[in-house]
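In listed order, ligands and their atoms are each counted from 1.
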Amino acid sequence: MFKNAIVSLMLLGAAAPTFASEEVNLYSARKEKLIKPLLDKFTAETGVSVNLITAKADALLKRLQVEGKNSPADLLITTDAGRLHRAKTAGLTQPALTETLKELVPASYRDSDGHWVGLSLRARPIMYVKGKVDPTELSSYEALTDAKWKGRICIRSSSNIYNQSLVASLIAHDGEKATEAWAKGFVANFARPPKGGDRDQIKGAASGQCDIAVANTYYLAGMLTSKDNAQKEAASKVAVFWPNQSDRGAHVNVSGASVLAAAKNKANAIKLLEFLASDEAQQWYAEVNGEYPIRDGIAVSDTLKSWGEFKKDTLKLDQLGTLNPEAVKLMDRAGWK
Ligand SMILES: [Fe+2]
């Protein structure tokens, strides 16, 4: 018995050094609670430990630029295809597309050159105040320029990447000229100068400042399941309308990840990417963070189920990045503050 214990200890001792060297350094713009439980699972399954640093997306990009080749980071997780594209064009990332990732992540939701892959989907539909707006009055993002919506729309500022990506998608589909005319008409219908985040637009609608808000669904999901009664009540006053269902589908974006150019643990970074795209991780994501899985056939939460299935825009999302500069300039010309 005693002998066995010594043998076990020796085995543990021998195994420890190799085990410790298996690691991956992750910079994440996702809040720790939205990613850590998955990372723990990954470590338990693979023996690869994850050193996690979380910060705001733009701060992480700056930090990576300052660190350059000496950066300890192997993998970057951030939200919005526009930001993932920024990391790519800044030379911070490298291609890392495996056959497994190709299988798990639909082509629309990853970079054409393999520099980033989407890990969850986020939808940005129209939300309306129940009882004040008849959903049959709504149809598309384009139709929000109609005079009947004058003074009735809440949306955040043009400095926000989600809006820049939405406008980039409109440019991709309708062209720059038509989108500029659209943006002018859209801005003319704003209920108030843009302020606050997506939750504030939903609250604005609930409190009677506007009848329509454009916001990402996970904010609404978060408010509906919030412990804060005021948020819950505000959210219960609005409903989701999926726009453009008779043509291209509702605008979607991703949160995703890039293997970094300076990665010292590239193989482990790819291992983690493949894990995050797996059925197991996708199911967790869809249940906990109110986003949609990156591919069909994965169960979603009851809140997401209650909004029904919808047609998603299949635009290749790297276009949101390439068209971002045009979108920003166009919104500025349209007077979108
Ligand atoms: Fe967000």
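Residues Arg192 and Gln201 bring a donor and an acceptor atom of their side chains to less than 3.5 Å of each other.
For the Fe ion (ligand 1), the N/O/S atoms of Thr79 include none lying under 2.8 Å. Among the backbone and side-chain atoms of Asn216, no N/O/S atom is found under 2.8 Å from the Fe ion (ligand 1).
With salt bridges taken as basic N to acidic carboxylate O contacts below 4.0 Å, one links Glu67 and Arg63.
Between OH of Tyr219 and OH of Tyr218, the angle at the Fe ion (ligand 1) works out to 120°, rounded to 10 degrees.
Between Tyr141 and Pro125, the closest heavy-atom pair is OH-CA, 4.0 Å.
Phe275 does not carry Lys271 over the face of its six-membered ring by the limits of under 6.0 Å from the centre and within 45° of the normal.
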